[in-house]
Amino acid sequence: MAAELTVPQLSAKHRPTLDQALATIRTRAYWSPHPEHPKAYGESAPADGLAAFEALRGTRLDLGQPGTDGWTGAETSPYGVELGVEYPHVDPDVLLPAMRAGMGAWRDAGPEARALVCIEILARISARTHEFAHAVMHTSGQAFMMAFQAGGPHAQDRGLEAVAYAYEEQTRVPGQADWSKPQGKKDPLELGKTFTAVPRGISLMIGCNTFPTWNGYPGIFASLATGNPVLVKPHPRAVLPLALTVQVAREVLAQYGFDPNLVALAVERPGEGIAKELAVRPEIKVIDYTGSTEFGEWLEANARQAQVYTEKAGVNTVVLDSTDNYKGMLSNLAFSLSLYSGQMCTTPQNLLIPRDGIATDLGHKSYDEVVGDLAGAVGGLLGDDARANALLGALVNPDVKARLEAAAGLGEVALASREVPNPDFPDAVVRTPVMVKLDASKPDDSAPYLSECFGPVSFAVAVDSTAGALDLLRRTVREKGAMTVGAYTTSADTERAIEEVCLEESAQLSLNLTGGVYVNQTAAFSDFHGSGGNPAANAALCDGAFVSNRFRVVEVRRQG
C-alpha cells in the first residue's frame, strides 16, 4: 500500500505530545493537550460541528470494510431524536482474517511509530470535537456540555494516556543488545539479541451506552499502540461516536501506509447479541468491556483464550463522620448526585450517616437534619429547569427510569424525583434524583444498599456509628466492589481508619471534597479510574498493568 504521508513526518508534529504525556504520568500533575472550552476550537466550530452531525442523520456510514453482508442501525436519541444512521453489518469469518493481514507491518513499525499514528488519530478526532459531542449527546443522553467535555477532550486524554503507558511498557526492554560472557582464557561467548514487542492478536472492545468514547478509548488505543488490530463492537444504542472513531482511525492508518483493517466496526442487528459470539472466537486475544457485572463475569469465565479487562458495577459509598464546611459538603454532594442523572459508574449511591448525627462547623446536625439539608441542596441546585437540564441530561434508557420509579418504594422518601421538561427536546425523559432513607441496624442480605441501583438513586443509610459505617463500607467494597469512595471527617484518626479500609480493599478514596472537584470525576494522567483490586473492575484506567499484557516480548538470538 503506497503511503500518501510518512510516519517520520509525525515525529516533529507529535513527539513533543508523547514526551509530555510520558512525563505527566510520572509526575501525576495536571495536563491536557485537548481544550475543554468549546470556543477554543474556532469561531465557526460550534455551527460546523452541529452541521456535520445533522448531515450524518439518515445516512449510510460506509467504512469500506471487508465482510460487509448488510446494513443495520436503530439508534434513537434519549432526547427523542431519530438518528437513522445505517452501519455495516459484518461477517466475522471474512472480516477477522482481513484484520490479521496487516498485523505484521504494524508490529514491525515499532512502538514509537504506532504511538505517533495513534496520536494523529486522536488529533483528528479532537479537531472534530463539536461533531463528536453531538454524537455522544444523542446516544448517551448526556447534556451537551458534558458530552462535549467527557465525550471529547476527557476521552481523548484517556486515549492518549493509554498510548503513553503502552509506549513506556514496550520500551522498557531495548530493541537489541550485544551479549558477551567471559570464558577466562577462552574466547568469550557472544550473541547478538533482538527484542520485539509482539501483539497478542485481535482486540475486541465492547462499548457501553453511557460513555462510549470515555470508556472506549483507553482499550482501543492501548491495544492499537501495542500492535493489536481492534474490532470495535459498540453498544447498540450508542454506535455513532465509535463508528466515527473507527472511520477516522481507518483514514489515518491508510494515509500512513498501514492496513486500514487494523481497526474495524462490528454493529449488531436488533436483538442479535454478537458480543458473546465474538468474545469466544479464537482470533480474539484481548477484550475490553464496560457494563453489567453479569456479562463482565461471563466474559471473565468464558473468554478463556483472551486477556479480559472489565469494568463492571459497584456500590459507591460516602461516609459522613464530621465536617468543618457543612455548606460546602452539601453543595459538593448535591452536584455529585445530580450530574448526568447519576448515570456514572463513579456516582455515589450509599451515604452512610451515624444515627446520632455528625459534628459540623454549624453545630451538631442530626441524621434527619443532614438528610433533609442534603435533599434541600439537591432541590435548590435543580430548582431551575434550565440548570437542571444542563446538569441532568436525559435518562439513557427505560431501565434507568424503571429503577428510579421503583426506588421510591424501598423506604421513606427524603427527596422525591420530579419530571423536568426540556423545551428543546420535548420527548426527552429528564428526572431529578430520588433519595431514600434506609436503616442498617438490622443487616439484611437483601437490603437495597448492598447492591448497585444504577441511575439517579441514592440511599441515606443510618448506621450506629462511624465504626459501623466503616464495617458496612468494607463489606460492600469487598463483596460488590466500588469505583469510588468518599468521606468527610475532621478527625485524623477517623481519616486514617477510612484510608486503611480503602487501602486494604483497593478502593479509590476522595476526602473532604467541598469545592469544584467531585468524587465522580477523574482526571487523565493523574487520577486512576478504578483500581482493578475489587469486584467493580479488574483493571485500572490507566496503569502499566492495563497495557503490559496486551503484548509479549519475543527474543531472537544470533551467534557470530
Side-chain angles (χ1 to χ4, degrees), residues 63 65-70 72 87-103 106-107 162 198-209 212 215-224 226-239 242-243 245-246 259 261-313 481 530 532 535-539 541 545-552:
L63 300 174
Q65 296 182 169
T68 298
D69 61 9
T72 186
Y87 308 97
H89 183 274
V90 299
D91 179 351
D93 291 333
V94 177
L95 178 61
L96 294 178
M99 294 184 72
R100 287 187 57 85
M103 283 182 65
W106 186 238
R107 175 201 66 215
V198 174
R200 282 189 173 272
I202 297 175
S203 175
L204 174 66
M205 198 291 291
I206 303 173
C208 69
N209 194 175
N215 278 107
Y217 282 8
I220 291 172
F221 286 98
S223 284
L224 194 60
T226 50
N228 302 279
V230 181
L231 180 59
V232 176
K233 189 272 162 195
H235 190 284
R237 293 193 185 101
V239 179
L242 291 175
T245 301
V246 170
D259 191 335
N261 296 322
L262 288 166
V263 180
L265 185 72
V267 182
E268 61 190 289
R269 296 187 176 103
E272 186 178 12
I274 62 174
K276 278 191 174 182
E277 296 175 13
L278 290 171
V280 297
R281 288 190 65 114
E283 303 97 326
I284 301 299
K285 299 299 184 183
V286 179
I287 297 175
D288 289 279
Y289 167 76
T290 300
S292 71
T293 295
E294 181 182 12
F295 190 58
E297 291 179 345
W298 185 92
L299 289 171
E300 292 165 354
N302 291 277
R304 307 302 290 273
Q305 85 292 348
Q307 180 69 30
V308 180
Y309 300 90
T310 59
E311 180 190 315
K312 299 168 288 191
N538 73 359
L541 305 180
F546 185 67
V547 299
S548 61
N549 219 10
R550 296 172 190 262
F551 70 94
R552 309 313 299 161

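Fair warning: this is a prediction, and the values are worked out from it, not measured in the lab.
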For Tyr289, all residues meeting ring-ring contact (aromatic ring centres under 6.0 Å, His included), sequence neighbours excluded: Phe295
Using the ring-ring contact (aromatic ring centres under 6.0 Å, His included) criterion, which residues pair with Phe546? Sequence neighbours excluded. Tyr309
Can you name the residues that form a side chain to side chain donor-acceptor pair (under 3.5 Å) with [X], not counting sequence neighbours?
X      : answer
Ser223 : Ser203, Arg550
Glu272 : His89
Asn228 : Thr226
Gln65  : none

Check step by step if side-chain contact (heavy atoms from CB on, under 4.5 Å) holds for Ile220 and Val232. CA-CA 8 Å; Ile220 291 172; Val232 176; 4.0 Å; yes
Taking the side chain as every heavy atom from C-beta outward, state whether [X] and [Y] have any pair of such atoms under 4.5 Å apart.
X      : Y      : result
Phe221 : Val230 : no
Met205 : Leu242 : yes
Leu265 : Leu231 : no
Thr310 : Thr290 : no

Search all heavy atoms of [X] against all heavy atoms of [Y] and return the closest pair with its distance.
X      : Y      : answer
Ile206 : Ala275 : CD1-CB, 4.2 Å
Leu63  : Ala243 : CD2-O, 4.3 Å
Cys208 : Ala238 : O-CB, 3.9 Å

Go through the steps to decide whether Asp288 and Val308 satisfy the test side-chain contact (heavy atoms from CB on, under 4.5 Å), and finish with yes or no. CA-CA 6 Å; Asp288 289 279; Val308 180; over 6 Å; no
Could you list the donor-acceptor pairs under 3.5 angstrom formed between side-chain atoms of residues 91-100 and any protein atom two or more places apart in sequence or on another chain?
residue	atom	partner	partner atom	Å
Asp91	OD1	Asp93	N	3.0
Asp93	OD1	Arg281	NH1	3.0
Asp93	OD1	Arg281	NH2	2.9

Rounded distance (nearest 0.5 Å) linking atom [atom1] of [X] with atom [atom2] of [Y]:
X      : Y      : atom1 : atom2 : result
Lys285 : Gln305 : NZ    : CD    : 6.0 Å
Asn215 : Asn209 : CG    : CG    : 11.0 Å
Met103 : Asn261 : CE    : CG    : 13.5 Å
Phe551 : Arg200 : CZ    : CZ    : 10.0 Å
Leu278 : Glu283 : CG    : CD    : 9.5 Å

Return the set of residues passing side chain to side chain contact (heavy atoms under 4.5 Å, CB included) with Pro270 (not counting sequence neighbours), or none when no residue passes. Thr72, Ala74
Under the side chain to side chain contact (heavy atoms under 4.5 Å, CB included) rule, collect the residues that match up with Glu277, sequence neighbours excluded. none
Hey, could you give me each pair passing salt bridge (charged side-chain N to carboxylate O under 4.0 Å, His left out) that has a residue in residues 289-308? Not counting sequence neighbours. Glu300-Lys312
Residues in salt bridge (Lys or Arg N to Asp or Glu O under 4.0 Å) with Arg552, at least two apart? none
Does the side-chain contact (heavy atoms from CB on, under 4.5 Å) test come out yes or no for Leu224 and Trp106, once each step is laid out? CA-CA 9 Å; Leu224 194 60; Trp106 186 238; 3.8 Å; yes
